[in-house]
Amino acid sequence: MVIHTQKKSLVQALSFANKIDKIGFVPTMGALHAGHISLVKRALSENEIVVVSIFVNPTQFNNSADLQKYPRTPDADISLLKDLNEEIIVFLPEVSDLYEDTVAAKKYHFGNIEKEMEGKHRKGHFDGVGTIVNKLFRIVKPDAAYFGEKDYQQLQIVKKLVALEKLHTKIIGCPILREENGLAMSSRNKRLSTKQFEEAATIYKTLNEVRDKFGSTSITDLNHLVAERFLQNPDLKLEYFEIANEKTLKTAKRKNKATKYRAFIAAFAGEVRLIDNMPLN
Ligand code: PAF
């Protein structure tokens, strides 16, 4: 397995590749879990060359404690990838290699979807995501890039980014993988205590309940129901619950038959912020 720690050497290695070989790319922040591995497997099945980047991107964190505490397990990540396929190319750059002198995000306008949900609660987050994904795409020049639907808003943002930056990469959204108790897999789950891990299953249970009742219950009542479920669970603090239009991500107040909706939750288990979502119709 080849590990590149500098963009220059990765660019050089990829320039030797056969021009007809398709490059699949899985950008990650490391602390890899089965969800990431499912993205890598899909990339392996659809491309001749697969690049996985491991880089905790400072400009997408609006909270320095969260950045500091973000799990970093590069050795375990590399051995997971090596066990999966020796031919995966790993990109493990330093902040200075990608950002050079200025660790700052470019300002993006993604057509207002950046202003909803995560955008409201994590100021500047999507500018940071857009900045790093643009940098990585310009280095790797992937034909296809794979993103999990757990970060559904991020997935829509990256699709807009590709259009804005006139990149040629196809963006592929992949299903959420879940723990046995239903909790969406996330690198942040590594920071949960056993009790918090168990309690966090409430997020998935609540989303299921919302989906089951969506046809027969008003959005106002569903909002109340979710608030109630979280009040019953003192170990979890609801940051937001939204039913939103799946395309525009605008909060839905009333249902419209022709529109596709998704439910979104962000909640804290202690200091650990968890997000999840589910299609409703
Ligand atoms: O989803 C993530 O892990 C990150 O936001 C990404 C896409 C790797 C950019 O840093």
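In what follows, residues are counted from 1 in the order of the sequence shown. Since this is a predicted model, take the numbers as computed values, not measurements. Ligands are counted one by one from 1 in listed order, and the atoms in each one are counted from 1 as well.
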Sidechain-backbone polar pair: Y261 side chain, N256 backbone, donor-acceptor under 3.5 Å: yes

Given the options K107, R122, K115, D127 meets salt bridge (Lys or Arg N to Asp or Glu O under 4.0 Å) only with K107

Test: R273 and D66 ion pair at under 4.0 Å: no

Where ligand 1 meets I132 - atom numbers and elements under 4.0 angstrom, heavy-atom basis: 9 (C), 10 (O)

Close-contact set for ligand 1 against M29 heavy atoms, below 4.0 Å: 3 (O), 4 (C), 8 (C), 10 (O)

In terms of atom number and element, which parts of ligand 1 are under 4.0 angstrom from non-hydrogen atoms of Q154? 1 (O), 2 (C), 4 (C), 5 (O), 7 (C)

Those atoms of ligand 1 less than 4.0 Å from some heavy atom in F147: 7 (C)

Considering only heavy atoms, does V158 approach ligand 1 within less than 4.0 Å through its side chain, its backbone, both, or neither? neither

Does K160 come within less than 4.0 Å of E114, counting only side-chain N to carboxylate O? no

Using modelled atom types only, decide if a donor and an acceptor are shared between the side chain of T131 and the backbone of K106 within a distance under 3.5 Å. yes

N or O pair under 3.5 Å between T28 and ligand 1: no

Where the side chain of T102 meets the backbone of A104, is there a donor-acceptor pair that is under 3.5 Å apart? no

As an exercise, identify every atom of ligand 1 less than 4.0 angstrom from a heavy atom of Q60. 4 (C), 5 (O), 9 (C), 10 (O)

